[in-house]
Structures are given as structure tokens and as C-alpha cells.
Amino acid sequence: MITVDVHLDEDSGAAMAGDVRRGLSGPRKELAPKYFYDERGSQLFEQITELPEYYPTRVEREILVERSSEIVAAAGAPATLVELGSGSAAKTRHLLSAMRDAACLRTYVPVDISEEITHETAECLVEEYPGLEIHGLVCDFEHHLERIPDRDGGRIIAFLGGTIGNLYPEPRREFLARLAAMLGPDDRLLLGTDLVKDRARLEAAYNDSAGVTAEFNKNVLSVLNRELDADFDLDAFEHVADYDADRERMDIRLRSLADQAVRVTELDLEVEFAAGEEIRTEISAKFTRQGLERIYADAGLGLAGWFTDAGADYALSLARRA
Ligand code: AVJ
């Protein structure tokens, strides 16, 4: 009942080296948020999701708990759930249960970068959902979307957690257009998006009083120290996260506290920082229903369902191929 295909071809170490060289060589320094998530970074993110100030995970779960059966019905009671970035599939169970209760559930396709987690999750789920067929894919779904198997009986392709918010508008449009191209008439995208709200709540969510987000942000420097033999002093940088209301996104950086030079031995690179100079490490876009309708239209998609929590802090939306 379980198959797992692994597609981790290209040398991810070389890709990282190239990304980091480009990111730290220009006048505006930047590192991609995917580099946060080594083992420590993933643990810190788990801790973030439990912080009182960080509402997105809780409200997304609330929507799934309260409205999964409506979502499944609105998606046409499909036979397959594909989940991009499935991890331990904690939230997925609400959708799977709703599909089982609607008697449409046949196949779950978890797509994740971690082979270990994908296997573990698959083993647990076949026990919890007797008869469930699991076809796992281990890959970087940003690059290997096209590897996702097509299925009869319709699919929900779920991309939860608000991770779409990490993409800049143009790569986001390209990613959604590639998803749109995969959708058959009976398939629906299910996308999790954090919504625009007042600055104070947004900024609190990314500047928690326990300092976990600061530690999470600085962890990317530990990743570079280990993977590229760099010598970043984590205490020489401070966490900065503020809301850019014009662009409707959180802007998350690390600010150098002093003039300093950092050596990245593996890249044979010396990076200079002036006091106050920043490295952007993440954006986290916030959405409105209107904005998302536009974003969908620009990617060849159409809004087909809108589900929010009671406080309208977060949305799960369904989209179809236009
Ligand atoms: C995992 C990308 C959804 O943008 O809120 C949390 C990551 N960064 N706190 C987000 C994050 C700092 C999170 N996403």
C-alpha cells in the first residue's frame, strides 16, 4: 500500500554554495528562507508554532478542524490528496478524515524533502486509514512539481502553512502557473495564506517576547558556519522583523551590530558588513481575498472556495484551472 519515490538528483550542496555566494556578494544581501530548516531550525519553527503571538498555525488548524468536510465537498469529493511539504502530516489528518467520511478517499500523495519523515508518516497513516494507498514523493517540490502523478477521480493539491508567502511576486506567479498547468478539470489547489491585518499583531507574531523567532532567524548563520565553513558570530547580529504595509509583507532581516568581516571558507569569500547593514532572510507575504483573486487570475487559476477562521486571520482557498 506504500510506495515512496526519491528524486533528489542535483547536488544540493553545490546549489546552496551558489545561492549563498550570489546572496552575499551583491549590495543588498539576502539568504533564501529554505536554509533556516536544518534539524535545529525545524525544531525552532515547531516552537514558533506554539508561541502565543504566532497565530497562523493555530488558526489554520482551526479552519481545518471546523471546515474540512465543507472543503472536501466544495472540491468535489476527490479521491486523492496531494500535499506539498507534508512533513508529519499533522494537519492533513483533518482532510483525510473528511475524505474518508465522504467515502471518496483512495490515495494520499505526500511530497516532502525528507525521506525519513515521508516513510514514517506513511507507516502511521496506513494504520490510521485502512485501505489508504500512499504514494510518497521525496523531492524539492519547487523544482519537481511535474513528478507528481496524475490520478483519476480528482485531486486536492494542498499547499498549507502559508509557505507561499515566502515567494516574491514573480516566482510566486511562475510557481502557481506551473501548478495550474498540472490541474485537470476535477483537480483543485488548496492554498493556505495568512491575511493582512493590523501591524501590531503581525509584528508581534515575528518578534515574540521569548526570542524564539530571533533564534530561528540567526540559526541560518549557524547553517552557513557548518555547511560552508563560515565564521559568523551570531551575537554580532540582531533579528529585525517589520511589516511593509505597501507590499503587504513581513520583511525579516539580520542586522550587523558592528563593522565586521565574515569569512566563508568553502566559497573562498570574505563578506564585509558595515554597522547597521542587513541581510534579508525572509519575506512573509500577507494576502486579501481580492489580492488573491488577482494573483490566481495572473497564474491561470480561478478562486473556487474561501474558508477563514472566525477571526478572519487566515484563509484556506480553493482554486481551479481557469
Ligand atoms: C513557515 C513560511 C509560513 O512566514 O510565518 C515564522 C516562517 N518565519 N516565523 C511564516 C516563519 C518566522 C513561516 N512560514
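Ligands are counted one by one from 1 in listed order, and the atoms in each one are counted from 1 as well. All figures in this text were calculated on a predicted structure; none of them were measured in a lab.
Relative ring orientation between Tyr54 and Phe45 is described as perpendicular, the plane-to-plane angle rising above 60° on a 0-90° scale split at 30° and 60°.
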Report each N/O pair between ligand 1 and the protein that falls under 3.5 Å, naming both atoms.
residue	atom	partner	partner atom	Å
ligand 1	4 (O)	Ser284	OG	2.6
ligand 1	5 (O)	Tyr54	OH	2.5
ligand 1	5 (O)	Tyr206	OH	2.5
ligand 1	8 (N)	Glu282	OE1	2.7
ligand 1	8 (N)	Glu282	OE2	3.4

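Using a 4.0 Å cut-off between a side-chain N of Lys or Arg and a carboxylate O of Asp or Glu, Arg40 and Glu215 qualify as a salt bridge. The pair Arg321-Asp187 does not count as a salt bridge, with every side-chain nitrogen at least 4.0 angstrom from each carboxylate oxygen.
The aromatic ring centroids of Phe237 and Phe273 lie less than 6.0 Å from each other.
Note that CD1 of Ile252 is 6.5 Å distant from NE2 of His239, once rounded to the nearest 0.5 Å.
When hydrophobic residues (I, L, V, M, F, W, Y) are linked wherever their side-chain heavy atoms come within less than 4.5 Å, the members clustered with Tyr168 are Ile283.
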